[in-house]
Amino acid sequence: MSSISEEERALQLAQAASESLASGDLTAAARKLREATSIAPENAQIKEAWEQLRQEEDKSEFLTICKAWVQTKDEADGERALAALKKGPLKTKEAEQAMQILNDFKDEDDTLDHVTGELLKNAGAQTWLAQAVRERPTRTYYELFPRGDDSIDGLLKVLLTRSLWPDDASFRESHRDVFQLCLAMLMEEALDHPERAMRGVAQLLAHHANHLENIIDADSFDVILSSLDIRLPKILRDQATLASIKLFELSPDVAKELISKFVTQRAEKGDSDNLVVAFSAATAIFPIAVEAAAALFLTEGFVSTLVPVVEKKKSLTLIQVTLELISAACVDKKCREAINRHCRDWLDMVADSPDRGRANLAALILVKLGDEEPPSSENPQVVTPAKIDQSDLIAGFKSMVIDTEPGSKQDSIEGLAYASLQARFREDLSNDPRFLKRLIEIMSDPSTPGNIIFGGLTILANLTAFLPIQSDEEKRMAQLKAYANVQKPAAPDDLLDNDHATARCSRVLQAGAVPMLAQVCKKGTSNMLSQSSQILLNLTNDKKGRGLMTQQGAVKLLIVIWEHMASTSAASKTGTTPFPSNAQPATAQALSRLLISVDPRLIFNSALPISSAIRPLQSQLSRTDSSIWQLHAFEALLALTNLASTDAQTQHHIIRTAFDTIVDDLLLSPNTLLRRAATELVCNLMGSPYCVEKFADGSPRAKHRLHLLLAMTDVDDTATRSAAGGALATLLSCGEITVTPFLAQEKGVEFLIGLCNDAEDELQHRGVVCLQSVGEVPAGLEAVRRKGGVEAVAAAMEESKSPVVKQACREALAVLKQ
């Protein structure tokens, strides 16, 4: 077969261009026409196709502006392009073409960065960039990098979106290419905006570290750890810290070895610059890997020579980073002992210096060390007593919180957070209304930095904390552990007892903690939400304060927090969440306590339906490994019982979501309180036809449930018997549909007679009402007479002194003797 002529090839390309044009792919059409023109520049059909393409391109105002802007580089054209882009969403092909046009704009330009960032929210632009990264990763990265943060953020979004890549191999390869480009960029001398490159490193490690195997080596570590230098911008150090965290998660042993080598080599050089870099890295690593960092810190001769070396260098930056390193090292007990022994005098001196920043940091360290740090039994040391009284330090921190600007409060807040671990300082801080009010004002301010808000939450969590509830088994284990250590179990400080803790909670609540927490939780981190939940749970310990908490919106806040935690857990692909394991149960428990104490009709409405509270409460009913799960379940049952008193819709919702757990598990509990609460809830639910059906639909499960309910009328606990009797009275009042399955119970009538014989008037009344309902059905009347029910009712009428019981007996006998 002969090959086609060049003219025919050109016409085929023109036809293909027309088809691309018809489908809206202007980029493909232009590419095909350029090739056709190179073959037959004078062909009329090709010229006509070009004219059609130009007309189609002219239809897009945005593309027209972009073409002009690339030529003029004029700021006014850039603003016009941005305005046109924001008028409405672009078509996919239009966004793709815009990326191609703007790719020719090589100059640095803020507006170009903004436009690129906006464009990369469009699938067409994302597809174009993904293809560009696949075909020319180096060129694409180096062209986008100088444009700005929006452009790099758009690139990272494309890199992390799997659907934009044709297969797993190209998805993985793009990560490896860009990761190496980021590292290479960070190695450049005098790089502008290194945080952009570090953001790429951190994000790729955070999301797809497994794609980067065999790339991360000592040089990679050096680049990242060098970026922790306290002289560098905070935004860069934050990204480097995130990258360091992910490196330790990826390969802990290798990371420990490389960080040790990095710090040691720079520290051995001995000059101020290298010491600052080494100490900065060690400071950042302490919270990530305490054991590895402490081993470095406790290297023989390091702490003992630290102060002389620092004083000899006469570098203010070195003093600052040394203080930060010592502060971070206080997390470890042996490090605190070494600091107390070798650095205490120097810290006392710095704390008394005129430089408030360094003085505050030194004071913070002294608070962490305490008045006197006892030596460990394994390595006894002589400890230098404190020269500065802790109370003076705390008073100074309080004063700074009350009187200074928010930005200068970080060390003070952190110091008070540590101090509030001690009972005497908890009492002191909670008894200072000026301090509490100012702290809550600062935390309520949207402009307050997150670290200060978290520190404030830690203070409030400590102030409101109660001693943990221990089971008998846990108390015995604690005693055995103390005896094994040849120690007498220490009695808790009197200031930590429930009365003092309740009083502190009242003060915190009155200071406005709940409205502040509602403000903080709107955009709070996972740690902030967890701390907020714990504070709210602590505050609910005081029953007198629950009404005020509810008025201030605590119920809605707890539901919102719980739902956020639940949805985050459900969305997790790894099964892990950013919340501590006790955060969600604490949130639900706080909600349970509030809903026990208040009228639900005063809280819930169309904007906050009662149903929104049922899922958090229901989550508390399941057995867990926690020794106090029964307390949580008991409180949740009481709250659900309160909700079930409102309307049939709420009853139905509870039955649909929690009925099996309530009846099949908790009604059989050996715990008297749990069994009682479950029975009371069933009593309140029995007003719903859905609940009646659960006991009377003729199924084996229904028969078993009815047997359980009857058995509850014969337990030792009076309140449980009363609730069971009330539930049966409602159930049997439904007539033959419920009396018939009741009569199938072997000793059903005997259980009711047992209620009639009870010494309590209320139980007698319920037994009599039940027998009357059974007697209203012919088969039931015969059974009641045969079992001696008539005599039991007559005896109850004669013995009872209650007019209500006597009247019920008369009404029942009128039915039973007919």
task = Output every pair passing salt bridge (charged side-chain N to carboxylate O under 4.0 Å, His left out) with a member in residues 530-548, not counting sequence neighbours, ordered by first then second residue.
result = none

query = At their closest point, which heavy atom of Gly767 faces which heavy atom of Cys756, and how far apart are they?
reply = C-SG, 3.4 Å

ask   = Given the rule in the salt bridge (charged side-chain N to carboxylate O under 4.0 Å, His left out) test, do Asp660 and Arg701 qualify, once you have shown the distances and angles that lead to the verdict?
value = CA-CA 10 Å; Asp660 289 348; Arg701 290 190 74 181; 3.7 Å; yes

message = Hydrogens and angles aside, do Glu635 and Gln620 bring a side-chain donor and acceptor to less than 3.5 Å of each other?
response = no

Nearest-0.5 Å distance, SG of residue Cys691 to CG of residue Leu731 = 8.0 Å

key: Criterion salt bridge (charged side-chain N to carboxylate O under 4.0 Å, His left out) on Arg438 and Glu441, from CA distance to verdict   = CA-CA 5 Å; Arg438 182 63 183 135; Glu441 283 177 352; 3.3 Å; yes

ask   = Taking the side chain as C-beta and beyond, is there a heavy-atom pair between Cys505 and Asn541 under 4.5 Å?
value = no

request  = With sequence neighbours left out, write down each residue that passes salt bridge (charged side-chain N to carboxylate O under 4.0 Å, His left out) with Glu762, or none if nothing qualifies.
outcome  = Arg766

ask   = Would you say the side chain of Ser391 lies within less than 4.5 Å of the side chain of Arg424, judging by non-hydrogen atoms?
value = yes

request  = Could you tell me whether the side chain of Pro585 reaches within less than 4.5 Å of the side chain of Trp629, counting heavy atoms only?
outcome  = no

key: Nearest heavy-atom neighbours spanning Ala644 and Leu681   = CB-CD1, 4.1 Å

query = Run the side chain to side chain contact (heavy atoms under 4.5 Å, CB included) check on Val560 and Cys521 step by step: do they pass?
reply = CA-CA 9 Å; Val560 170; Cys521 290; over 6 Å; no

message = Applying side chain to side chain donor-acceptor pair (under 3.5 Å), can you list everything that pairs with Arg426, at least two apart in sequence or on another chain?
response = none

task = Of all the heavy-atom pairs spanning Ala729 and Val769, show the shortest one and how long it is.
result = CB-CG1, 4.3 Å

Residues forming a salt bridge (charged side-chain N to carboxylate O under 4.0 Å, His left out) with Lys121, sequence neighbours excluded = Glu118

query = Which residues pass the salt bridge (charged side-chain N to carboxylate O under 4.0 Å, His left out) test with Glu799, sequence neighbours left out?
reply = none

query = Taking all atoms of both residues into account, what is the closest heavy-atom pair of Val784 and Val749, and its distance?
reply = CA-CG1, 4.2 Å

key: Residues forming a ring pair (Phe, Tyr, Trp, His ring centres under 6.0 Å) with His653, sequence neighbours excluded   = none

Residues Gln534 and Asn538: side-chain donor-acceptor under 3.5 angstrom = yes

query = Between Ser420 and Asn462, do the side chains contain an N or O donor and an N or O acceptor separated by less than 3.5 Å?
reply = yes

request  = Output yes when a side-chain donor or acceptor of Ser645 lies under 3.5 Å from a complementary backbone atom of Asn642, and no otherwise.
outcome  = yes

ask   = Do the side-chain N and O atoms of Thr502 and Asp499 include a donor-acceptor pair separated by under 3.5 angstrom?
value = no

ask   = With respect to Glu427, which candidate in Gln422, Arg504, His500 satisfies the side chain to side chain donor-acceptor pair (under 3.5 Å) definition?
value = Arg504

ask   = Aromatic rings Phe579 and His564: how do their planes relate, parallel, tilted or perpendicular, breaks at 30° and 60°?
value = perpendicular

request  = Among residues two or more places apart or on two chains, list those pairs meeting salt bridge (charged side-chain N to carboxylate O under 4.0 Å, His left out) that have a residue in residues 748-758.
outcome  = Arg721-Asp758, Glu750-Lys787

request  = Please list, chain by chain and in numerical order, all residues satisfying salt bridge (charged side-chain N to carboxylate O under 4.0 Å, His left out) with Asp497, sequence neighbours excluded.
outcome  = none

ask   = Between Thr650 and Thr646, is there a donor-acceptor pair closer than 3.5 Å when you use the side chain of the first and the backbone of the second?
value = no

message = Please find the pair of heavy atoms, one from Phe742 and one from Leu752, that lie closest to each other, and give the distance.
response = CZ-CD1, 3.4 Å

message = So, using ring pair (Phe, Tyr, Trp, His ring centres under 6.0 Å) as the criterion, who are the partners of Tyr418 when residues are at least two apart?
response = none

note = Heavy-atom closest pair (Leu436 atom, Leu429 atom, distance to 0.1 Å) is CG-O, 3.9 Å

inquiry  = What I want to check is whether the side chains of Arg507 and Gln510 have a donor and an acceptor closer together than 3.5 Å.
reply    = no

task = Could you tell me whether a side-chain N or O of Thr448 sits under 3.5 Å from a main-chain N or O of Ile442, the two making a donor and an acceptor?
result = yes

ask   = Applying salt bridge (charged side-chain N to carboxylate O under 4.0 Å, His left out), which residue pairs with at least one partner in residues 668-697 are found, sequence neighbours left out?
value = Arg676-Asp717

query = Between the side chains of Glu811 and Gln807, is a donor N or O closer than 3.5 angstrom to an acceptor N or O?
reply = yes

query = Which residue pairs pass the ring pair (Phe, Tyr, Trp, His ring centres under 6.0 Å) test when at least one of the two sits in residues 580-609, sequence neighbours left out?
reply = none

ask   = So how far is it from Leu467 CG to Asn498 CG, rounded to the nearest 0.5 Å?
value = 7.0 Å

key: 4.5 Å side-chain heavy-atom contact, Val739 and Glu776   = no

message = Less than 3.5 Å apart, any donor N or O on the side chain of Asp445 or Ser447 sitting next to an acceptor on the other?
response = yes

query = With a 4.5 Å heavy-atom cut-off, do Leu548 and Gln551 have their side chains touching?
reply = yes

message = Do Gln531 and Thr458 pair up side chain to side chain, a donor and an acceptor below 3.5 Å, judged on atom types alone?
response = yes

inquiry  = When you compare the side chain of Ile603 with that of Leu595, does any pair of heavy atoms fall below 4.5 Å?
reply    = yes

ask   = Is any side-chain heavy atom of Phe435 less than 4.5 Å from a side-chain heavy atom of Asp428?
value = no

request  = List in chain and number order the residues that pass ring pair (Phe, Tyr, Trp, His ring centres under 6.0 Å) with His632, two or more places apart in sequence or in another chain; answer none if no residue qualifies.
outcome  = none

query = Do Leu537 and Arg593 have side-chain heavy atoms sitting under 4.5 Å apart?
reply = yes

ask   = If we ignore angles and hydrogens, is there a donor and acceptor under 3.5 Å between the side chains of Gln410 and Asn451?
value = yes

Asp599 with Arg601: basic N within carboxylate O range, under 4.0 Å = yes

key: Side chain Ser733, main chain Thr730, donor-acceptor under 3.5 Å   = yes

